[in-house]
Amino acid sequence: MEKTLFEKICDREIPADIVYEDADCICFKDISPQAPVHLLLIPRKPIPRIAEGGLGDQALLGHLMLTAGKIAREQGIAGDGFRLVINNGPDGGEAVPHLHIHILAGRQMQWPPG
Ligand code: 5GP
């Protein structure tokens with residue numbers, strides 16, 4: 001199987017500005033930021049998208065959510081606030097088929113989202 005773009009970032013085959021990593025996940029700056037802070041948090045396991053997560057991924061998905069909060073605190077964005085986004089499939093705006101959580105902060109977010 002061809003590695004996903006984000007697997008190549010995990011394996012240091014493509015450079016990225018990494019802000020956090022542990023045994024299960026890695027977080028790096030988005031190459032095309034949509035807010036003053038725009039990070040991508042991904043599992044090392046290449047789950048294509050949230051709709052394809054399985055029961056065996058329960059602990060990993062919980063870890064990702066808690067890690068998003070931890071990174072927000074560490075990056076100093078938890079106080080003013082931030083937004084987590086997961087795009088799933090064509091209508092969701094997914095471009096990279098490797099599950100990722102966008103962490104967006106540093107400006108007032110709008111609602112409804114585009
Ligand atoms: P999606 O649209 O799939 O939810 O989000 C994919 C994100 O990956 C986009 O925000 C895009 O800017 C980001 N991205 C695409 N290619 C690269 C890359 O090579 N490096 C980094 N750091 N981000 C990327």
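Order of listing sets the numbers, starting from 1, for every ligand and every atom in it.
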Main-chain N/O of Ser32 paired with Asp30 side-chain donor or acceptor, under 3.5 Å: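 Yes.
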Residues clustered with Leu104, ILVMFWY side-chain links under 4.5 angstrom: Val85, Met109
Heavy atom of the protein closest to [atom] (residue, atom name, distance):
| atom | value |
| --- | --- |
| atom 16 (N) of ligand 1 | Leu5 CD2, 3.3 Å |
| atom 11 (C) of ligand 1 | Asp30 OD1, 3.4 Å |
| atom 22 (N) of ligand 1 | Lys29 O, 2.9 Å |

Nitrogen or oxygen of [X] less than 3.5 angstrom from that of ligand 1:
| X | result |
| --- | --- |
| Ile31 | yes |
| Ala95 | yes |
| Val96 | yes |
| Asn87 | yes |
| Phe6 | no |
| His100 | yes |

Give the numbers and elements of all ligand 1 atoms closer than 4.0 Å to a heavy atom of [X].
| X | answer |
| --- | --- |
| Glu94 | 3 (O) |
| Ser32 | 12 (O) |
| Phe28 | 22 (N) |

Do [Y] and [X] meet the salt-bridge criterion of a basic N to acidic O distance under 4.0 Å?
| X | Y | answer |
| --- | --- | --- |
| Lys8 | Glu2 | yes |
| Arg12 | Glu21 | yes |
| Arg44 | Asp24 | no |

Aromatic ring proximity, centroids under 6.0 angstrom, Phe28 and Tyr20: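 No, they do not, as the ring centres are separated by 6.0 Å or more.
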Shortest reach to atom 2 (O) of ligand 1 by a heavy atom, considering only Gly92, Ala16, Pro97, Gly93: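 Among Gly92, Ala16, Pro97, Gly93, the closest heavy atom to atom 2 (O) of ligand 1 comes from Gly93.
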Contact summary for Pro113 and Arg83, nearest pair of heavy atoms: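 Where Pro113 meets Arg83 most closely, the heavy atoms are CB-NH1, 4.4 Å.
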Donor on one side chain, acceptor on other, Asn87 and His100, under 3.5 Å: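 The criterion, which ignores hydrogens and geometry beyond distance, is not satisfied for His100 and Asn87.
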Identified side-chain contact (heavy atoms from CB on, under 4.5 Å) partner of Ile42 from the options Cys27, Cys10, Cys25: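 By the side-chain contact (heavy atoms from CB on, under 4.5 Å) criterion, Ile42 pairs with just one of Cys27, Cys10, Cys25: Cys10.
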